[in-house]
Amino acid sequence: MKVSDCAKVERAGRDVVPESFAKKYHILPLRVTDSFLEIAASNPFDLDCEKALAFSTGREVRIQLASPSKIRDKTEELYRPENVIDKLLEGMESDAEVTQIEEHDDAEELRISAEEASQRPVVRLVDLILSEGILSRASDIHIEPEEGGVAVRYRIDGVLRQVMKVPRAAGLPLVSRIKIISSMDIADRLRPQDGRARVGVNGVPVDLRVSTLPAALGEKVVIRVLDARRTVLSLDSIGLSTDETVAIHGLLENKDGVILVTGPTGSGKTTTLYSCIRHVQSEGVNIVTVEDPVEYRLQGIVQVQVNEKAGLTFGSALRSILRQDPDVVLVGEIRDKETAQIAIQASLTGHLVPSTLHTNDAPNAVTRLMDIGIEPYKIATAIRGVVAQRLMRRLCPGCKEVWVEAIPAKLHQWLPPDTPVYRSAGCPECAQTGYRGRFSIVEVLRNTPEVERRIGAGETADRIAEAARATGMKSLWESGLAHVLKGASTIDELLRVVDVPQDDEEGRSPPAGTAKPSRPSDPRVSGRVSVSTPAPRPSDRHRSPEPHSANEAMTAKFDLLEPLTPTGRPIGPGGATVLLVDDEDQLRRVMKDLLEREGYRVAEAANGIEALDQVDRHAPDIIVLDLNLPGLDGYGVLSHLRSRPSTAKIPVVVLTARGDEDNEVRVLELGADDFLSKPFRARALSARLKTILARRYGWTPPQH
């Protein structure tokens with residue numbers, strides 16, 4: 001048997017023989033052609049291996065002899081991790097250029113580490129992950145070890161999205177490269193580490209804050225992207241309404257006191273805090289901040305980085321800052337009693353102290369300070385206001401569409417009738433998510449005399465919120481609902497961010513502008529029926545009259561618009577009601593005159609939402625529907641009519657300028673009874689209406 005030359009290994013063999021197969025049978029692919037496969041094996045009499053290879057590759061297997069150690073070494077070389085990364089990068093090139101901006105203090109040490117541990121394929125993979133994340137507007141990049149690989153996920157507009165999965169063999173060098181550029185110890189994989197880095201993407205510097213965490217399957221890495229270009233530090237740019245902006249400006253007019261911004265992690269507290277600082281910043285104001293970490297570097301403001309290892313904590317830094325003659329002292333976060341006491345003491349000695357706190361809403365910020373150990377009377381004196389905040393995703397303007405599905409029952413009282421709401425559709429501009437960008441919703445609590453009295457008395461958060469609402473405070477729910485009603489976001493996004501207030505069923509009235517209607521008529525809500533009794537349909541004449549007791553019960557509950565009679569409407573199309581839906585007023589008037597001369601009753605609607613409302617109000621016998629309608633088009637109206645049992649049988653004649661075959665097929669598939677093109681002929685329209693009414697309700701068309 002021929003002894004193989006393991007130095008002559010063709011790399012094409014690894015594409016035919018998987019690594020798992022080679023390691024299972026201890027073989028090495030040497031050469032492959034269209035007809036045969038040469039392998040090196042230490043056991044040339046393994047028939048199972050030969051048969052399996054011949055079957056899977058469809059080639060004749062030729063076996064040569066080699067020692068087990070040579071096969072093992074060459075197999076590791078052939079299937080080494082760098083080749084896995086090269087294969088992964090095929091077809092994933094990016095035009096963005098990433099360069100590392102070295103810090104001056106540790107430049108020499110960082111350069112030595114990079115020379116010792118960096119390899120070109122790994123560098124390219126890390127650059128690709130960073131550049132694509134930054135260009136995709138990601139706020140965080142997550143690298144998480146999983147079974148069978150390492151997942152890479154981007155947090156875009158507050159929602160995580162997986163973009164790739166790296167083989168496990170490439171996971172360790174990938175994490176090591178990230179630790180190198182962020183000045184971490186690559187040899188220490190058993191303890192959490194924090195680091196920073198600056199990179200340039202297409203020449204634009206971007207700050208990265210890196211955190212590692214040892215996990216069961218390896219180290220998890222989270223990279224916070226701090227791109228100053230995308231963060232416009234201005235209160236006018238974070239999406240607040242006029243009332244909310246005025247309320248926050250009013251808080252910032254105070255020359256002393258504590259102003260708190262509250263919310264969970266990732267709710268935009270730091271951005272709002274910096275925007276407040278920018279609002280009060282001027283040449284005559286000395287502003288000093290103490291943060292952990294310093295996320296954005298602000299021009300003209302002294303920023304202090306907390307370093308607990310060196311003994312520089314929030315408390316010790318604040319003591320030193322107060323000796324620096326500041327006017328405004330920004331505290332990154334109030335975490336403990338010492339920091340809270342010094343911040344309140346600073347506010348009582350004439351300093352304005354903006355800070356953040358982790359609470360769910362504004363009133364609970366007071367109870368949180370009490371839990372830390374601050375006396376209620378000090379809180380009442382020092383607090384000027386609390387801003388609770390969340391972030392909602394903004395609908396993509398290119399693909400948002402009117403939502404015609406049923407609205408959840410718990411939202412009935414919050415949505416006024418005839419107000420269109422929108423849903424996300426998805427397009428290439430928004431990566432098929434339906435959302436692009438975010439805005440803030442806030443709850444602004446001002447420390448009025450009544451609120452101050454209740455805080456000083458140590459009352460609960462509910463009692464404090466009651467006093468604040470009496471002076472005009474709107475909840476996070478009401479702030480988000482206002483954006484939904486303006487078409488900036490969706491109901492699903494609002495429910496994802498905040499909960500529906502629990503006390504709505506106990507009599508709390510909805511906010512101004514969304515008053516609960518006395519007669520719900522929003523056609524988008526399934527099961528919402530008009531209170532007034534609709535005129536009977538022509539087919540009702542075949543039904544038996546209601547029992548006397550039932551009629552008495554009905555009249556006891558409702559004021560009927562007209563008395564119930566056994567005969568209902570006149571027999572024949574002359575007594576039918578036609579609903580005309582068209583946005584052209586002149587055409588609608590012409591059609592109305594034509595149909596009224598024929599003896600029809602005519603109702604009108606100029607848009608899709610109004611059409612659905614008129615259906616509930618007038619219960620038409622037939623509908624003439626245009627497709628080009630503002631707000632909700634004719635397709636949406638037709639789909640909604642056919643989805644509701646109460647309107648599924650109403651005949652619909654589509655009359656449109658879109659006279660092509662595709663539109664005709666589409667509306668007929670949606671359930672339309674007939675299709676007419678504009679301009680229409682009056683006699684033809686009248687004849688079609690009579691024929692459809694006769695077919696649907698059993699009338700005999702009159703003979704002329």
Side-chain angles (χ1 to χ4, degrees), residues 235 238-241 243-254 257-273 275-276 330-335 340 343-344 347 352-372 374 376 378-392 439-483 494 497-504 508 511:
L235 287 173
I238 59 179
L240 302 179
S241 66
D243 294 342
E244 294 164 350
T245 304
V246 170
I248 295 178
H249 284 176
L251 296 180
L252 296 176
E253 291 175 358
N254 293 286
V258 176
I259 299 174
L260 295 175
V261 181
T262 74
T265 302
S267 60
K269 299 188 299 297
T270 302
T271 301
T272 300
L273 210 58
S275 301
C276 293
L330 184 149
V331 181
E333 182 183 350
I334 294 179
R335 298 177 178 174
I344 289 179
S347 70
L352 183 63
V353 184
S355 185
T356 68
L357 201 63
H358 284 86
T359 62
N360 289 330
D361 56 20
N364 275 295
V366 176
T367 57
R368 170 66 177 151
L369 290 175
M370 293 180 187
D371 292 339
I372 290 177
I374 307 301
K378 287 185 179 179
I379 301 173
T381 306
I383 291 289
R384 292 291 174 265
V386 183
V387 180
Q389 177 170 329
R390 298 289 190 279
L391 292 177
M392 282 179 62
F439 57 85
S440 300
I441 59 173
V442 297
E443 177 182 64
V444 184
L445 183 150
R446 291 176 294 129
N447 193 7
T448 61
E450 177 60 22
V451 172
E452 182 178 351
R453 185 190 67 78
R454 296 193 182 191
I455 294 175
E459 297 193 13
T460 63
D462 292 340
R463 295 281 293 160
I464 296 171
E466 181 183 341
R469 280 196 293 267
T471 58
M473 181 186 80
K474 293 183 178 180
S475 67
L476 288 167
W477 167 262
E478 293 165 355
S479 176
L481 183 64
H483 287 281
L494 177 62
V497 175
V498 292
D499 295 326
V500 180
Q502 295 297 318
D503 55 347
D504 294 339
R508 177 181 169 187

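Along the sequence shown, residues carry numbers from 1.
More than 12 non-hydrogen atoms from other residues, nucleotides or ligands lie less than 6.0 angstrom from CZ of R384. Remark: N360 CG is loosely packed, at most 12 non-hydrogen atoms of other residues, nucleotides or ligands lying under 6.0 Å away.
In this structure, L357 and L369 have side chains that are in contact, with non-hydrogen atoms separated by less than 4.5 Å. Using a 4.5 Å cut-off on side-chain heavy atoms (C-beta onward), L391 and S440 make contact. For the pair V444 and M473, the minimum side-chain heavy-atom distance is 4.5 Å or more. Under the 4.5 Å side-chain criterion, counting only non-hydrogen atoms from C-beta, I248 is in contact with C276. Counting only heavy atoms from C-beta outward, the side chains of W477 and D499 never approach each other to under 4.5 Å. Within the 4.5 Å cutoff, the side chain of T262 has no heavy atoms near those of the D361 side chain. Under the 4.5 Å side-chain criterion, counting only non-hydrogen atoms from C-beta, V366 is not in contact with I383.
Checking side-chain atoms of T359 against main-chain N and O of N364 turns up no donor-acceptor pair under 3.5 Å. Judged purely by atom type and a 3.5 angstrom limit, N447 uses its side chain to pair as donor or acceptor with the backbone of E452. Under a 3.5 Å cut-off, the side chain of T245 and the backbone N or O of S241 do form a donor-acceptor pair. The main-chain N or O of G263 is found under 3.5 Å from a side-chain atom of K269 such that the two form a donor-acceptor pair. Side-chain atoms of R446 come within 3.5 Å of backbone N or O of T471 as a donor-acceptor pair.
For G456 against P376, the heavy-atom pair with the smallest separation is O-CB, 3.8 Å. Here the closest heavy-atom approach between residue S475 and residue E443 is recorded as CA-OE2, 3.4 Å. Residue A382 comes nearest to S347 through the heavy atom pair CB-OG, 3.4 Å, listed as atom of the first residue, atom of the second, then distance. When all heavy atoms of I441 and G480 are compared, the closest pair comes out as CG2-CA, 3.7 Å. The two residues G239 and H483 have their closest heavy-atom pair at O-CE1, 3.1 Å. A362 and A388 make their closest contact through N-CB, 3.4 Å (heavy atoms, listed as atom of the first residue, atom of the second, distance).
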### Message
What verdict does the side-chain contact (heavy atoms from CB on, under 4.5 Å) test give for I372 and R368, after you've listed the backbone C-alpha separation in whole Å, the side-chain angles of each residue and the deciding distance to 0.1 Å?
### Response
CA-CA 6 Å; I372 290 177; R368 170 66 177 151; 4.2 Å; yes
### Message
What verdict does the side-chain contact (heavy atoms from CB on, under 4.5 Å) test give for T356 and L260, after you've listed the backbone C-alpha separation in whole Å, the side-chain angles of each residue and the deciding distance to 0.1 Å?
### Response
CA-CA 5 Å; T356 68; L260 295 175; over 6 Å; no
### Query
Can E244 and S479 be said to form a side-chain contact (heavy atoms from CB on, under 4.5 Å), step by step?
CA-CA 9 Å; E244 294 164 350; S479 176; 2.6 Å; yes
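There is no side-chain donor-acceptor pair under 3.5 Å between E333 and S355. Under 3.5 Å, the side chains of Q389 and T272 contain a donor-acceptor pair of N or O atoms.
A distance of 7.0 Å separates CG in L352 from CG in L252, rounded to the nearest 0.5 Å. Distance check, rounded to the nearest 0.5 Å: CD1 of I455 to NZ of K378 gives 15.5 Å.
Remark: T381 pairs with L348 by the side-chain contact (heavy atoms from CB on, under 4.5 Å) rule, at least two apart or across chains.
The side-chain contact (heavy atoms from CB on, under 4.5 Å) test with V353 singles out one residue from I259, I344, V331, I334, and that residue is V331.
Salt bridge status for K474 with E478: absent, with no side-chain N to carboxylate O gap under 4.0 Å.
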